[in-house]
Structures are given as C-alpha cells and as structure tokens.
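For reference, the structure discussed in these notes is given below.
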There are 4 protein chains.
Amino acid sequence: MMSLREKKIAKKKQDILRSAATVLAEKGFQGTTMEEVAANLLMTKGSMYYYFKNKDDLLFQCHQMVMDLSLEKIEQVVNSDKDPIKKLEQAVESHILLATSEKSMFLMMDQPNQNFSGEHLEEALQQRKDYAHHFDDILQEGIEKGVFDETIDIRMVRFIILGALNWTLQWYSEDGPQTAEEIANSYAKHLLKMVVKDQ
Amino acid sequence: MMSLREKKIAKKKQDILRSAATVLAEKGFQGTTMEEVAANLLMTKGSMYYYFKNKDDLLFQCHQMVMDLSLEKIEQVVNSDKDPIKKLEQAVESHILLATSEKSMFLMMDQPNQNFSGEHLEEALQQRKDYAHHFDDILQEGIEKGVFDETIDIRMVRFIILGALNWTLQWYSEDGPQTAEEIANSYAKHLLKMVVKDQ
Amino acid sequence: MMSLREKKIAKKKQDILRSAATVLAEKGFQGTTMEEVAANLLMTKGSMYYYFKNKDDLLFQCHQMVMDLSLEKIEQVVNSDKDPIKKLEQAVESHILLATSEKSMFLMMDQPNQNFSGEHLEEALQQRKDYAHHFDDILQEGIEKGVFDETIDIRMVRFIILGALNWTLQWYSEDGPQTAEEIANSYAKHLLKMVVKDQ
Amino acid sequence: MMSLREKKIAKKKQDILRSAATVLAEKGFQGTTMEEVAANLLMTKGSMYYYFKNKDDLLFQCHQMVMDLSLEKIEQVVNSDKDPIKKLEQAVESHILLATSEKSMFLMMDQPNQNFSGEHLEEALQQRKDYAHHFDDILQEGIEKGVFDETIDIRMVRFIILGALNWTLQWYSEDGPQTAEEIANSYAKHLLKMVVKDQ
DNA sequence: TATGAATGAGCATTCATTCAT
DNA sequence: TATGAATGAATGCTCATTCAT
C-alpha cells in the first residue's frame with residue numbers, strides 16, 4: 001500500500017504529466033522547453049527535476065500514462081464475451097472516445113522514433129505492438145467465427161484501422177460539426193463494412 | 001524561361017531538398033541541425049544560406065516539393081475519364097506508391113502545426129485541404145453515379161482513407177513482407193469495400 | 001564545561017567532518033555536492049544545515065580538525081627535550097604517520113587558495129605558516145647546536161621538507177610495497193642527510 | 001606540413017590554452033567557468049567551442065602542452081653526456097625554472113585525479129610516470145657510477161625530489177626574496193647533498 | 001532535530017544565423 | 001559561390017540554500 005506521502009507525490013506527478021502532455025502535444029518534444037512545462041504548472045524549472053530525472057523521463061512517463069489507459073480499455077473489450085462484430089465496434093469507439101477526450105495526451109505520443117531512444121524506445125514500441133495486436137485478435141476471431149470476410153488481410157486491415165483512428169487527432173476539434181460519439185459511431189460503421197462478410 | 005544559371009541553381013536546390021528531407025524525416029525538424037543537413041551534402045553550414053533564407057524556409061520548400069508531386073498525381077487521376085471506382089483505386093494506389101518510394105519526403109511533412117508558423121503554416125494547411133478534397137470529389141461522383149453506397153458520410157470516409165494512407169509511413173519498410181505494389185493493391189481493395197454499394 | 005547536549009552535538013559534528021573529508025578528498029571541494037556528503041552519512045541534504053552554516057563552513061571546520069591535530073603533534077615534538085636531529089626525525093615521521101593514516105583529511109586541505117576566501121582563507125594560511133615555522137625552529141636549533149650544517153638555507157630546506165611530506169598524499173597507498181612506518185623512516189633518513197653536518 | 005590556415009588555428013589554440021591555464025590555475029578546474037576563460041581572451045563563450053570539444057578537452061590540452069614542454073626538457077638532460085651529479089642538478093634546476101616561469105600552467109595540472117576521467121586520466125597519469133622515471137634513471141646511473149650513495153632508496157628519493165619541486169608552486173612568487181635562479185641553485189645544492197656519496 | 005519540497009542562480013553546451021574573405 | 005570563424009540567445013540540468021512541518 002501507498003503511504004500518504006507517496007500518494008501525494010503520485011498525485012503531483014499525475015498533475016505534471018497532464019500539464020506536460022498539453023504543452024508537448026502542441027509544440028512537440030524538441031520544441032517544448034522544460035521552462036514552458038513548468039510555467040504551465042506555476043512551478044519553477046528546477047522543481048520539475050525533483051519529480052523527473054530529465055526531459056526524456058518526463059516524456060516517457062507521459063507515454064506510459066496514456067498507454068496504460070489505452071491498453072486497459074482494449075483489453076476489457078477483447079476479454080469480454082461479446083461477438084467479434086461488437087468487439088471491433090467497441091474497440092474502435094472506445095479508442096476514439098479516449099483519444100478525443102485526451103487529445104493532447106495522445107498527440108504527444110506521436111513519432112516515438114524521433115523522441116525516444118534506447119530502452120525507452122524499445123519499450124514504447126513494444127507497447128504499441130501489444131495494442132495493435134489486440135485488433136489482430138479480434139479480426140482473427142471474427143474470421144474463425146465466420147462473421148468476418150475470410151479473404152481480408154488481417155495485417156493490412158489492422159494498419160488501415162489504426163491509421164484511421166490515429167488520424168482523428170489531426171482533425172478532431174470539440175467545436176467540430178460532430179460530437180465524439182457521432183464520430184465514433186460513424187467510424188465503427190464504416191470500418192466494419194470493410195470486414196464483415198456479405199450475406 | 002530559365003537561364004542556364006537559374007537552371008543550375010534550381011537543380012542544386014532540388015538536390016539539397018532531397019537530402020534535407022532524408023535527414024528531416026529521420027530526426028524531425030527541431031531535432032535536425034543545419035550542420036547535419038549540410039554534412040549530408042558534403043557542404044558547410046554557411047553555404048546552405050546561399051540557397052535558403054533560413055531553416056524554416058528549407059522545411060517549407062521541402063514541403064512544397066512533395067506537395068507539388070502529390071497534387072499533380074491526384075489531379076491526373078481525378079481529371080481522367082475513368083469510373084469512380086477506378087479513380088478511387090488509383091488515387092489510393094498512387095498515394096501509396098509515391099509515399100513509399102519517397103518515404104522520407106512524406107515523413108518530413110508530418111505535423112505541420114508544430115513546424116510551420118504564420119503564412120507558411122496557412123499555405124501548407126491549404127494545400128493539404130486541396131489534396132483531401134480531391135478524395136471528396138471522387139466519393140461524391142461515385143455516389144452520384146450510383147456505384148458508391150449513398151449512406152456513407154463522405155467527410156468521415158475521407159478521413160478514414162487519408163488516415164490509413166498516411167499511416168503507411170509509420171510501418172512501411174522496403175524489407176517488409178509485401179512490396180509497395182502489393183500493399184497498394186491490398187489497401188485499395190479493402191478501402192473500396194467500405195464504399196462500394198452491395199449489389 | 002560542555003553540557004551533555006553540547007557534547008552530543010560535538011560528537012555528531014566530528015562524525016560528519018570525518019565523513020565529509022573522505023568525500024571532499026576524493027572529488028575536491030567544488031566537485032562534491034552537499035547531497036553526496038549527506039548520503040555518505042545516511043542523512044538528508046537539508047539536515048546538514050543544522051550543523052553547518054554552509055558548504056564553506058563545512059570545509060573550514062574540516063580543515064580546522066586536521067590542523068589542530070597536526071599542530072598538536074608538532075608542538076609536542078618541538079617542545080620536547082630531544083636533540084635537534086631526533087626532533088627533525090620525529091617531526092617528519094609523525095607528519096607522515098598522521099597524513100597516511102588520515103589521508104583523506106589531509107588531501108582535502110589541498111589548495112586552500114581555491115577553496116577558501118576571506119577570513120577563512122587568512123586563518124587557514126596562518127595556521128599553515130605556524131605549522132611550517134616549527135620546522136624552521138628545529139633547523140635553527142640544530143644549526144646553533146652545531147649538529148646541522150650551518151650553510152643550509154633554512155627557508156629552502158623547510159620548503160623542500162614540507163613539499164616532500166605533502167607529496168606523500170599523492171602516491172601513498174595502504175597496499176603499496178612499504179608500510180607507513182617504513183616510509184616515515186626512509187624519509188627521515190634521507191631528509192636528515194640533507195642537513196646534518198658531515199663530521 | 002601545416003597549411004597556413006592550420007598554423008593560424010594552432011596559434012589560436014595556443015593562445016587560448018595559455019589564457020585558460022591562468023584562469024584554471026587560479027580557480028581550479030571546477031571553479032572556472034568557460035565564460036571566464038573566454039572573457040579573459042575577449043572572446044565569447046560560444047567561440048571556445050569552435051576550438052575545443054568541451055571543458056574537459058580544454059583542460060586536457062592544457063595539460064598536454066605543459067607535459068610536452070617538461071618531458072622535452074628532462075629528456076634533453078637525461079640524454080646528455082654529463083655526469084649524474086650534473087644531470088640531477090640540471091634536472092632540478094630546469095624543472096624549477098620552467099615551473100616558475102609558467103607557474104599557472106603547472107599549477108593547473110595539479111590533482112589530475114579530480115579533474116580528469118577515463119582515457120584522459122590514464123594518459124595524464126602515464127605521462128607523469130614517464131616524467132618521474134627519468135629521475136630514477138639519473139639516480140640509478142649515479143649509483144652505478146659510484147657517485148651517489150648506494151644505500152639510498154631510489155623510489156623514496158624520487159618522491160622527495162618531485163614533492164619538493166612541485167611544492168615550489170605553492171609558495172614561489174616573482175616578488176619573493178630570491179630569484180628563480182637562486183631558488184633553483186639552492187634546491188639543487190640541498191637535494192644533491194641527500195644523494196651524493198660522502199668521500 | 002530532521003526532512004521533503006521548492007527555488008533560483010549558475011553553467012556547459014548547442015545551434016541558427018551572420019559576415020568577411 | 002562557398003566557407004571558416006564568430007556570436008549570442010536559448011536550453012537542459014545541477015546544486016547550494018531555505019523553510020514549513
């Protein structure tokens with residue numbers, strides 16, 4: 001169990017991470033200075049280093065937070081007892097709802113190749129792979145159960161879906177003509193059409 | 001008409017742009033130094049400033065070069081007298097073939113919001129819009145001619161397609177299991193399934 | 001008289017000083033952080049400031065501790081009723097035995113000019129002078145009593161002796177081929193040969 | 001052969017090194033900022049990095065310059081055809097004359113253990129060893145030729161001599177009562193008395 | 001007494017940009 | 001045209017010091 005102090009420090013870290021993600025998303029990793037991140041939190045640059053070893057560490061922990069959320073969501077979906085169509089629908093919708101509600105957090109994770117290096121890079125890439133493969137599992141299950149078109153190329157379809165989902169960050173705006181829910185539904189509908197078997 | 005001297009300069013600029021794009025794609029705009037770009041060309045940092053006003057200018061002209069290529073390609077397709085299915089197929093395939101063959105050039109264009117500002121940003125965004133709307137045109141034509149499902153949401157579908165296409169840069173590798181052509185075909189096949197009317 | 005509480009504090013200070021000297025000797029004054037000194041004592045940085053006004057003060061008190069020890073030793077020798085040859089011998093030997101047994105403490109005192117300033121510097125330099133002049137006294141006595149060569153230049157000889165003695169810190173190691181005692185004897189023998197009158 | 005440009009750059013480097021040595025000697029490596037070194041040369045901090053990779057590099061090259069000078073001198077002496085007494089005399093004198101005339105350069109080399117690390121440290125220590133062993137050679141030769149007392153401990157005597165020589169930096173001042181030459185003579189005379197055989 | 005947290009001044013280093021040649 | 005040299009503003013990071021608890 002966490003002591004009170006550990007809880008407090010964890011809470012503070014979370015605050016910093018959220019705030020950092022906003023700035024990082026807007027200006028990119030290299031374009032963001034520690035000063036900016038700190039200023040956004042009414043902190044001083046130096047204080048940031050009490051909580052994070054360095055800038056890389058800050059980015060990595062941001063990445064972690066988003067990844068943990070994302071993986072948790074999709075694992076819920078994959079491990080449910082819904083049918084594959086419902087699962088894919090929900091995976092797509094849940095990704096969009098999460099990504100749009102935490103837009104800055106997701107944006108910040110873009111291009112890990114440029115921003116991470118060494119072990120951090122490896123770990124980040126592995127987590128992305130893990131996330132991606134959950135879609136493979138759903139697609140595979142759908143084919144086996146005869147609800148998805150058995151002629152689809154699972155890898156390609158997975159790339160198409162993930163590409164479509166990630167792209168939402170580039171254009172989605174809260175003030176846009178459609179709510180996040182509407183977008184989520186629409187995406188699910190169109191993407192499903194790509195894989196369900198014609199009856 | 002261009003004088004010989006102007007042609008020579010233009011040629012040199014092209015060389016620089018290509019080389020710069022490679023470096024920029026790998027390390028990102030902010031992560032790339034003028035020195036690296038220059039070194040890659042066996043030039044000195046200082047010399048770059050003979051051809052480009054500054055680093056922003058270099059990036060922008062890189063962006064232009066790719067955009068010109070891309071727009072030319074898609075306009076050829078849109079303005080042809082093929083049927084909408086063929087047009088969409090070709091637009092998708094031509095995008096993938098261009099993007100994979102000039103991967104670094106395309107990668108470098110990512111996230112204009114972070115790298116451009118002021119007029120450059122506006123112009124870059126406008127060109128992206130122009131490119132995107134060509135897909136709208138194809139989709140619209142397909143619906144009007146009764147070959148595309150009239151219940152699709154053109155905007156959403158366009159986003160899905162563009163997202164899928166741009167995402168290829170994140171995973172495509174020359175050494176991958178599929179050639180660019182195979183990927184292009186596969187993408188076209190799957191994406192078309194999303195829009196063509198069931199007969 | 002010291003109260004029990006004062007004694008406890010004094011004891012703690014001693015502990016800190018010894019520990020600090022070790023770290024300071026290894027990395028130099030500027031190269032050592034308060035954090036390192038504290039960590040070595042299983043303390044926190046902040047706590048150090050209960051015992052010492054600041055980093056300078058810490059160094060100065062370290063210096064004091066060593067100086068007090070050194071001066072006490074040499075004064076014992078000078079004030080004894082031995083003959084000058086015996087005195088010089090013992091002064092040399094006692095310096096080496098003390099310096100080698102408290103190597104880190106002595107090393108840390110190097111280059112007061114770089115590490116002290118203001119009053120601290122003056123005081124440190126004065127103490128060094130005091131220490132040095134005890135050797136002058138022995139040499140003078142030796143000449144007067146006719147056992148030391150009256151043609152020697154006392155100042156020069158003192159410099160040679162002190163230089164030789166201080167240099168031991170640069171090379172002495174507990175694992176070396178000679179024990180501290182052997183070194184002390186050897187130094188005394190050679191240095192004496194420099195000053196005793198040929199009979 | 002060096003081109004004119006290479007010569008110019010080498011000259012500039014020399015200027016920087018000399019100036020840097022002065023500041024480094026006064027404040028120590030860690031206590032000296034690049035800004036101070038630069039200011040002393042009417043340069044900007046940034047320009048220093050055109051000539052030196054970093055602060056470590058600057059220190060190391062300073063060290064090299066002094067070492068090269070010192071080694072050259074002592075090798076001249078050792079390789080001459082003088083008798084051992086004359087050789088030791090000259091080695092001592094030449095060290096003192098060099099060290100006093102380039103006091104800051106020599107001071108700056110103090111305590112390589114604290115200022116160098118890795119390969120630089122190894123190389124610096126090796127050069128010091130090389131320098132030291134030239135004294136061993138002279139002593140050895142003297143014993144073999146029967147002019148030095150065969151009961152001396154060469155290693156100890158070498159330590160005493162080097163210690164005495166290096167210590168001059170701590171007290172020598174141009175305004176002192178004795179000129180460098182007088183000091184050199186005096187040192188040589190006293191130190192020789194320690195090793196020459198009584199006839 | 002002790003310490004967790006915060007701070008701010010300082011520093012090494014990088015890099016786009018300039019300019020004389 | 002090309003470049004060597006210089007610059008200065010920016011930036012990540014460190015660390016002595018403070019202080020409320």
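These numbers come from the heavy atoms of this one structure, side chains and all, not from hydrogens, waters or symmetry mates. Quick note on labels: first sequence line is chain A, next is B, and so on, each numbered from 1.
In this structure the side chain of Gln170(A) never reaches within 4.5 angstrom of the side chain of Asn166(B), judged on heavy atoms. A 4.5 Å side-chain heavy-atom check between Gln14(A) and Met65(A) finds at least one atom pair inside the cut-off.
dA5(F) atom C1' lies 14 Å from atom NZ of Lys13(D), rounded to whole Å. Distance, Lys27(D) NZ to dG10(E) C1': 13 Å, rounded to whole Å. Per the geometry, NZ belonging to Lys55(B) stands 15 Å off P belonging to dA10(F), to the nearest Å. Rounded to an integer number of Å, the gap from Leu4(C) CG to dT1(E) P is 11 Å. Whole-Å rounding puts the Leu41(C) CG to dT3(E) P distance at 11 Å. Rounding to whole angstrom units, CD of residue Glu35(B) and C1' of dT17(E) are separated by 13 Å. When the P atom of dA12(E) is taken as reference, atom CG of Leu24(D) falls 11 Å away, rounded to whole Å. Rounded to an integer number of Å, the gap from Leu58(C) CG to dC15(F) C1' is 15 Å.
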Short heteroatom pairs, N/O only, protein and nucleotides 6-8 of chain F, under 3.5 Å:
unit_1: dA6(F); atom_1: OP1; unit_2: Lys12(D); atom_2: NZ; d: 3.0
unit_1: dA6(F); atom_1: OP2; unit_2: Tyr51(D); atom_2: OH; d: 2.4
unit_1: dT7(F); atom_1: OP2; unit_2: Thr44(D); atom_2: OG1; d: 3.2
unit_1: dT7(F); atom_1: OP2; unit_2: Ser47(D); atom_2: OG; d: 2.7

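By the 30° and 60° cut-offs, the orientation of the rings of Phe60(A) relative to His120(A) is parallel.
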Here DNA chain E, pairs taken as Watson-Crick or G-U under 3.5 Å and shown with ( ), [ ] when crossing and | when to another strand, reads .||||||||||||||||||||
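Side chain to side chain, Gln64(D) and Gln127(D) meet the donor-acceptor criterion of an N or O pair below 3.5 Å. When only modelled atom types and interatomic distance are considered, Gln61(B) and Asp57(B) share a side-chain donor-acceptor pair under 3.5 Å. In summary, the side chains of Asn115(D) and Gln111(D) do not present any donor paired with an acceptor at a separation below 3.5 Å, with no hydrogens or angles considered.
For Arg5(A), the listed nucleotide lying nearest its side chain is dG4(E); candidates were dT13(E), dG12(F), dG4(E).
The closest donor-acceptor contact from the side chain of Thr32(B) to the backbone of Gly28(B) lies under 3.5 Å.
Nearest-nucleotide mapping onto DNA chain E: of Ile9(A) and Phe29(D), the residue sitting toward the 5' end is Ile9(A). Taking for each of Gly31(C) and Lys8(B) the nucleotide of DNA chain F with the nearest heavy atom, the 5'-most of the two is the partner of Lys8(B).
Between the SG atom in Cys62(C) and the CE atom in Met67(C) there is a gap of 13.5 Å [rounded to 0.5 Å].
Contacts classified as ring-ring contact (aromatic ring centres under 6.0 Å, His included) and involving residues 17-55 of chain D (residues at least two apart or in different chains) are not found.
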